[in-house]
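Notes follow once the structure below has been shown.
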Amino acid sequence: MIDLKLLQKDFENVSAALMRKKVSPELIDELKARNEALKTAKAAFEEAQAAQNEMSRLFPQYKKEGKDVSELKAKLDANKARIGELQEAQREAEAALDALAMKIPNMPDADVPDGADENDNVEIAKVLEPRRFAFTPKEHWELAETNGWIDFERGVKVAHSRFAVLNDMGARLERALINFMLDFNRERGFTEMSVPELVNSRALEGTGQLPKFEEDLYKTDGEDLYLVPTAEVPLTNLFQDEIIPEEALPVKMTGHTACFRKEAGSAGRDTRGIIRQHQFRKVELVCITRADDSDRVFDEMVQCASDLLKALELPHRLVTLCTGDLGFSAAKTIDLEVWLPGQNTYREISSVSNTRDFQARRAKIRYKEGKKNLLAHTLNGSSLAVGRTMVAIMENFQNEDGSIEIPQVLHKYL
RNA sequence: GGACAGAUGGCAGAGCUGGUUGAAUGCACCGGUCUUGAAAACCGGCGAGGGUCAUACCUCCCAGGGUUCGAAUCCCUGUCUGUCCGCCA
């Protein structure tokens with residue numbers, strides 16, 4: 001959630017930032033008005049309550065002195081009714097504000113480029129030269145088929161479209177990649193975690209998937225549990241409602257989960273292959289930092305993901321997302337796009353975001369600095385989407401006969 | 001799934017015959033005295049959110065509702081935890 005105090009104090013700049021993320025001026029005005037309405041309602045309610053408390057305190061005194069309490073009681077009864085009304089009004093104001101505020105995205109950082117969509121993202125670096133092929137490189141689904149690594153039909157049979165089965169070497173490669181990535185991250189100081197893959201709505205609100213993006217989530221029937229769309233949700237929310245001692249920061253975690261997404265709104269996109277599945281595995285990085293340390297940790301995470309690709313000998317580029325492509329919770333995001341020779345293009349394989357205190361305010365993640373409790377900064381980044389990494393390996397390491405080499409670093413994992 | 005017990009500040013643990021109790025006490029932690037230094041001892045501080053220039057003031061003793069002038073304390077519902085039984089990877 002954005003800082004409503006800041007909105008009140010520095011309306012010009014906050015609204016300008018929100019408008020860069022395409023929040024309408026009307027909505028921003030409404031947010032401000034509702035915030036002020038709540039303040040007014042709260043003041044009235046608390047005033048009536050203070051009066052009630054004060055009068056109530058007279059009660060034991062009166063009794064001790066043997067005085068008649070009936071008049072006092074009448075006054076209290078009258079005020080009590082008023083309190084009820086004022087409380088109701090306060091609650092309504094609060095609910096109205098909340099409903100709106102929870103759907104307002106984070107403010108982009110000042111250095112995030114303006115832009116309408118992904119075409120306006122800004123490339124900041126290229127790492128490794130794409131290999132030159134003496135033949136026309138094939139796309140991964142063709143390679144997967146000839147090598148017998150992926151069974152698309154049977155995935156659909158047991159589940160639904162956009163589900164696939166990995167056979168034999170495909171399954172082993174997936175497992176090898178997960179192990180390799182987790183080890184790689186661990187060596188860089190990230191603590192390996194294994195977390196629930198079903199989470200409650202409070203957690204999803206904390207990281208920003210709810211209330212706005214419910215249609216993208218798989219929900220269990222009759223229970224407040226959703227399948228995780230990313231390990232970011234359980235990992236970040238591990239610290240909800242906590243005040244972390246300063247010396248424990250930064251918290252650096254890595255974990256692997258399956259991720260489940262309905263992909264609502266992407267009908268027809270990437271229907272072939274395993275680029276866009278309802279279920280995929282991902283190794284994630286999540287960090288919680290002091291407010292003044294998140295930029296440094298952000299760079300560290302980007303570097304970590306890039307080095308991982310480098311270790312796998314996969315050419316890629318780093319791209320800063322423009323305001324139009326930035327996610328709901330992110331203040332800044334750098335995508336890593338891997339080169340896919342079969343598709344002759346770069347495709348997203350990792351995405352590292354700094355949400356600043358946006359998620360921390362929702363999930364109440366704080367840290368202690370001296371005597372003060374401050375909102376932490378939370379960051380998340382894929383250490384790499386495993387399925388897309390397999391796609392990248394297939395396409396970049398293919399031979400003319402359709403066989404596939406395995407990157408050197410994975411040999412000991414297979 | 002059945003039966004019983006419980007949920008209080010960072011932890012432990014009182015209070016639960018309803019009224020300055022936001023909450024005793026111990027530990028931990030922070031500051032100070034003492035000490036060559038450390039420990040011990042002693043003194044002081046020490047939950048969170050809102051509000052205010054700062055006070056005042058309001059809220060929070062799992063959550064929600066109720067009784068009452070007044071609830072951590074009584075009643076109801078839910079959630080979670082523990083123990084025993086059943087079931088099970």
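Since this is a predicted model, take the numbers as computed values, not measurements. A, B, ... follow the sequence lines: proteins, then strands. Residue 1 opens every chain.
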Exercise for the section: Could you please spell out the steps behind the salt bridge (Lys or Arg N to Asp or Glu O under 4.0 Å) verdict for A/K282 and A/E284? Expected result: CA-CA 6 Å; A/K282 182 156 63 76; A/E284 186 78 0; 2.5 Å; yes
Problem - Evaluation steps, salt bridge (Lys or Arg N to Asp or Glu O under 4.0 Å), between A/K412 and A/D183 - result: CA-CA 12 Å; A/K412 66 172 174 177; A/D183 285 346; over 6 Å; no
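Between the C1' atom of B/C69 and the CZ atom of A/R82 lies a distance of 17 Å, rounded to the nearest Å. To the nearest angstrom, C1' of B/G50 lies 10 Å from CG of A/L38. Regarding A/L225, its CG atom lies at a distance of 13 Å from the P atom of B/U79, rounded to whole Å. Atoms CD (A/Q52) and P (B/G19) sit 18 Å apart, rounded to a whole Å. Rounding to whole angstrom units, CD of residue A/Q90 and C1' of B/G50 are separated by 10 Å. Taking atom CZ of residue A/F59 and atom P of nucleotide B/A71, one finds them 13 Å apart after rounding to whole Å. Between the CG atom of A/D77 and the P atom of B/U68 there is a distance of 9 Å, rounded to whole Å. Between A/E247 atom CD and B/A28 atom C1' the separation is 13 Å, expressed in whole Å.
Using a 4.0 Å heavy-atom criterion, one finds that A/K368 contacts the sugar-phosphate atoms exclusively. Nucleic acid contact class of A/R202 (heavy atoms, under 4.0 Å, all strands): none.
Spacing of C1' atoms, B/C87 relative to B/C76, comes out at 32 Å, to the nearest Å. B/G10 and B/C30 have their C1' atoms separated by 13 Å, with the value rounded to a whole Å. The same atom, C1', is picked in B/G82 and in B/U67; the two are 31 Å apart, to the nearest Å. Using atom C1' as the reference point in both B/U59 and B/A72, the two lie 14 Å apart (nearest Å). Of the P atoms belonging to B/A24 and B/U33, the separation is 28 Å, rounded to the nearest Å. Nucleotides B/U36 and B/C43, compared at atom C1', are 23 Å apart to the nearest Å. For the C1' atoms, the distance linking B/G26 with B/G9 amounts to 14 Å, nearest Å. Straight-line distance between the P atoms of B/U25 and B/G32: roughly 24 Å, to the nearest whole Å.
Partner assigned to B/C60 is B/G47, using Watson-Crick or G-U wobble distances below 3.5 angstrom. Across all strands shown, B/A39 forms no Watson-Crick or G-U wobble pair with both distances under 3.5 Å. Summarising the base pairing, B/G10 is matched to B/C27 through a Watson-Crick or G-U wobble pair whose two defining distances lie under 3.5 Å. Nucleotide B/A5 forms a pair with B/U81, judged by Watson-Crick or G-U wobble geometry with both contacts under 3.5 Å. In this entry B/C74 has B/G66 as its Watson-Crick or G-U wobble partner, both defining distances falling under 3.5 Å. Figure legend. B/C87 is base-paired to no nucleotide; pairs are counted as Watson-Crick or G-U wobble with both atom distances under 3.5 Å.
Contact check, A/K39 against B/U52: a side-chain N or O comes under 4.0 Å of OP1 or OP2. Remark: A/K42 is not in phosphate contact with B/C57, judged by side-chain N or O atoms under 4.0 Å from OP1 or OP2. Applying the 4.0 Å criterion to OP1 and OP2 of B/G65, one finds that A/R91 has a side-chain N or O inside that range. Distances shown here put a side-chain N or O of A/N53 below 4.0 Å from the OP1 or OP2 atom of B/U59.
Minimum atom distance to the side chain of A/R366 is reached by B/G49, of the listed B/G70, B/C58, B/G49. The side chain of A/K5 sits closest to B/G50 out of B/C69, B/C57, B/G50.
For A/P60 and A/E54, each mapped to the nucleotide of RNA chain B holding its nearest heavy atom, the one lying further toward the 5' end belongs to A/P60. Comparing A/K73 and A/N373 by the nucleotide of RNA chain B whose heavy atom lies nearest to each, the residue mapping closer to the 5' end is A/N373.
Side-chain contact annotation: A/N237 with A/Q240, donor-acceptor N/O pair under 3.5 Å present. A/T378 and A/T355 are linked by a side-chain donor-acceptor pair at a separation below 3.5 angstrom, with hydrogens and angles left out of the test.
Under a cutoff of 6.0 Å and an axis angle of 45°, A/K262 and A/Y218 form a cation-pi pair.
Ring centers of A/F260 and A/F280: at least 6.0 Å apart, outside the cut-off.
Shortest non-hydrogen contact noted between A/Y367 and A/L375 is CE2-O, 3.4 Å.
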